[in-house]
Amino acid sequence: MFFHAHPDDEALLTAGTMAMLAAEGHRVVLVVATAGERGLAEMGPGDELGETRLKELYTSAALLGCARVECLGYGDSGLSPKGGIAEERPDNAFIDADTDGAAGQLAAILKEEEADLLAIYDPAGGYGHPDHVQVHRVGRRAAEMAGTEIVLEATVNRDPLLKALKFAGKVYKFPPEFDPRTFESAYTPGDQITHRVNVRKYTKQKRASMAAHVTQASGGDSDRTLAVMLKIPGPLYRLVFGTEWFVRRDVPPGTRLTHPFEQA
Ligand SMILES: [Zn+2]
């Protein structure tokens with residue numbers, strides 16, 4: 001089971017691993033906390049955007065071979081203009097949710113599916129979106145409640161990401177709003193990562209999954225992460241997105257595993 005904050009997060013972080021596991025015959029379940037109705041998009045925030053983004057999520061999930069998709073139904077907490085917690089947010093914002101309450105919902109699905117593995121985010125929530133930090137908290141607790149044995153924190157190896165962005169910045173002109181330096185403190189340094197999953201065989205599905213999130217991947221002001229990523233040409237894309245990274249906290253740091261179910 002893969003637990004994400006918003007539709008499109010699965011495309012960026014875990015799509016290759018999901019496609020790989022599905023191809024290997026595993027039942028892959030995708031759960032999102034929110035419909036992402038406060039994300040940046042042409043049509044503006046609101047229920048209509050949420051509905052559209054859930055449809056995009058179903059398309060993406062189908063491309064990746066998911067057997068089931070669930071949305072926990074929390075409100076997208078959004079972001080303040082500076083990137084922190086937004087002051088104005090919906091009553092049911094995911095970040096305001098009681099951890100045990102939300103974890104109970106997720107644990108119920110984990111139990112129902114008899115899930116062997118739960119993928120969540122690192123404690124920093126990747127690039128720090130408050131909903132992503134909450135995914136970490138709620139996911140950890142849910143795994144405890146359901147007794148899920150393997151918990152993997154999906155992350156990005158910061159080292160090659162910074163290198164690739166530096167290179168891409170020389171060749172392509174990023175929009176002024178896209179500042180590669182914001183990635184300097186995001187995600188996880190390489191020496192803390194326990195799983196490096198080679199998903200080069202599945203980069204086609206991963207790219208298709210990203211492209212399925214039309215509201216996030218297109219538009220005039222394409223300063224959105226997805227839009228920037230989709231501009232990366234094939235060979236570099238495989239280099240950047242051909243590996244997915246996870247941290248498993250109950251194996252010694254420095255362990256180097258290559259498959260989600262590989263034992264240390
Ligand atoms: Zn997100």
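Indexing begins at 1, ligand by ligand and atom by atom, following the structure's order.
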In residues 234-241, what donor-acceptor pairs under 3.5 Å come from side-chain atoms, sequence neighbours left out?
unit_1, atom_1, unit_2, atom_2, d
Tyr237, OH, Arg207, N, 3.4

Side-chain donor-acceptor pairs of residues 162-169 under 3.5 Å, sequence neighbours excluded:
none

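Screening residues 189-206 for salt bridge (Lys or Arg N to Asp or Glu O under 4.0 Å), with sequence neighbours left out, gives Lys206-Glu244.
Within the sub-2.8 Å shell of the Zn ion (ligand 1), the protein contributes these N/O/S atoms: His6 ND1, Asp9 OD1, Asp9 OD2, His132 NE2.
Salt bridge Glu153/Arg140: present, at least one basic N to carboxylate O contact under 4.0 Å.
For the pair Leu79/His129, a side-chain contact is recorded, criterion being any heavy-atom separation below 4.5 Å from C-beta on. A heavy-atom distance below 4.5 Å is found between the side chains of Thr17 and Val199.
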